[in-house]
Amino acid sequence: MKIIKILAVSAMALGLTSCVSKKQYDSLSSNYKQCIENIGERQREIQDLKSQNSALSGENNLLKSQHDALKSSLDACLSNTGKSSANIDKLVGEINASNSYIKQLISNNAKNDSLNMALSNKLKRSLDNVTDDDVQVKVLKGVVMISLSDKMLYKTGDYNVLPAAQEVLGKVAKVINDYDKYSVLIEGNTDNAPLSSPNLPRDNWDLSALRGTSIAKVLQTQFGVDPARITAGGRSEYNPKATNMSVSGRAENRRTEIIIMPKLDEFMKLMDIAPKK
């Protein structure tokens, strides 16, 4: 209303230009222009407020829709209280069964780790007078590994076990027989020096496999290890411990490993205790 009055006064002033001084005219003209600018700003503000009102209306509608959906879900939950309780009880039962299985699994793993360490310590005590370069004993990933150098066991390129190796194999066999619930895996390994012959061994695959089975036969026939517990084979040059670029590395790669581990059927029994789905 104030703006309209100002405009009216300004218009009257313009109409009476001839009746006022130039100074008064200029002042009225300036006021008129300022009023026009103010009207433009007010119109823009009105437009902005309309846009904000439209956005807020949209948000309000969305919130109403979400409120209705939540109310509907709450009503459904309240109507199914009994069914939900049964599902929760079932879930709690499954969690308890899983916890029991985990505890038993941890207990069995701890027991196996303890047995493996005891087995390893016994082997190390039995072999304490053997050169470390020829025999190495360690526990790795739950199994006991005995690594025997080829220079102690065989002649170069041969797979027949030397008489000098009998003492060491006898001590290993005694510990294996003491732990009769464990399986025994014997692996022959070579370096990458090529071997080519028309007779056995024809190549490194033959040599590594024959060395593995030779040790298995000695443990069976001379030291009474149950052959049903033994698996023997060869890995040729494809399981190196060190680089084949040096003499010492190739010597380390030429080895036979005796791996003592829990029997597969014992492991499967452990798996049977898992909670049924």
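Everything numeric here is computed off the predicted structure, so don't read it as measured data.
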- Message: If you compare all heavy atoms of Ile186 against all heavy atoms of Gly212, which two are closest, and at what distance to 0.1 Å?
- Response: CG2-O, 3.5 Å
- So do the side chains of Asp226 and Arg229 get within less than 4.5 Å of each other, counting heavy atoms only? yes
- Query: If you round to the nearest 0.5 Å, how far is OG1 of Thr221 from NZ of Lys217?
  - Reply: 9.0 Å
- Message: Is there a path of hydrophobic side-chain contacts, each under 4.5 Å between heavy atoms, that joins Leu210 and Leu185?
- Response: no
- Query: Going from CE on Met145 to CD on Glu257, what distance comes out if it is rounded to the nearest 0.5 angstrom?
  - Reply: 4.0 Å
- Minimal non-hydrogen separation, Leu153 against Ala165, with atom names: CD2-CB, 3.6 Å
- Message: Could you tell me if Asn253 and Asn189 have a donor-acceptor pair between their side chains, going purely by distance under 3.5 Å?
- Response: no
- Item | Heavy-atom side-chain proximity of Val144 to Met261 below 4.5 angstrom | no
- Message: Just so I know, are the side chains of Asn160 and Tyr154 near enough to count as touching, which here means a heavy-atom distance under 4.5 Å?
- Response: no
- Does the pair Arg250/Glu252 count as a salt bridge with the N-to-O cut at 4.0 Å? no
- Does any non-hydrogen side-chain atom of Asp178 lie less than 4.5 Å from one of Ile176? no
- Quick one: pull up CD in Glu237 and CG in Leu195 and give me the separation to the nearest 0.5 Å. 10.5 Å
- Please tell me if the side chains of Met152 and Ser149 come closer than 4.5 Å, counting only heavy atoms from C-beta onward. yes
- Query: How long is the gap from CG on Leu162 to NZ on Lys151, to the nearest 0.5 Å?
  - Reply: 12.5 Å
- For Ser214 and Val161, work out which heavy atoms get closest and say how close. CB-CG2, 4.0 Å
- Query: Can a donor-acceptor pair be found between the side chains of Tyr159 and Thr213 at a distance below 3.5 Å?
  - Reply: no
- Would Val218 and Gln220 count as a side-chain contact (heavy atoms from CB on, under 4.5 Å) if you check the C-alpha gap in whole Å, the side-chain angles of each, and the deciding distance to 0.1 Å? CA-CA 5 Å; Val218 170; Gln220 174 190 354; over 6 Å; no
- Task: Might you point out which heavy atoms bring Gly234 and Trp205 nearest each other, and give the distance in Å?
- Result: O-CZ3, 3.4 Å
- Item | Among Val184, Ile258, Val172, side-chain contact (heavy atoms from CB on, under 4.5 Å) partner for Ile215 | Ile258
- Val225 versus Ile230: any side-chain heavy-atom pair under 4.5 Å? yes
- Item | Connected via hydrophobic side-chain network under 4.5 Å: Val168 and Tyr179 | yes
- Message: What's the separation between atom CG in Asp203 and atom OG in Ser236, rounded to the nearest 0.5 Å?
- Response: 6.5 Å
- Query: Nearest 0.5 Å, what's the OG-CG distance between Ser208 and Asp150?
  - Reply: 12.0 Å
- Using a 4.5 Å cut-off on heavy atoms from C-beta on, say whether the side chain of Gln136 contacts that of Leu148. no
- Message: Minimum heavy-atom separation for Ala173 and Leu219, please, with both atom names.
- Response: CB-CD2, 3.8 Å
- Query: Among Arg235, Arg254, Lys241, Arg255, whose salt bridge (charged side-chain N to carboxylate O under 4.0 Å, His left out) with Asp191 holds?
  - Reply: Arg254
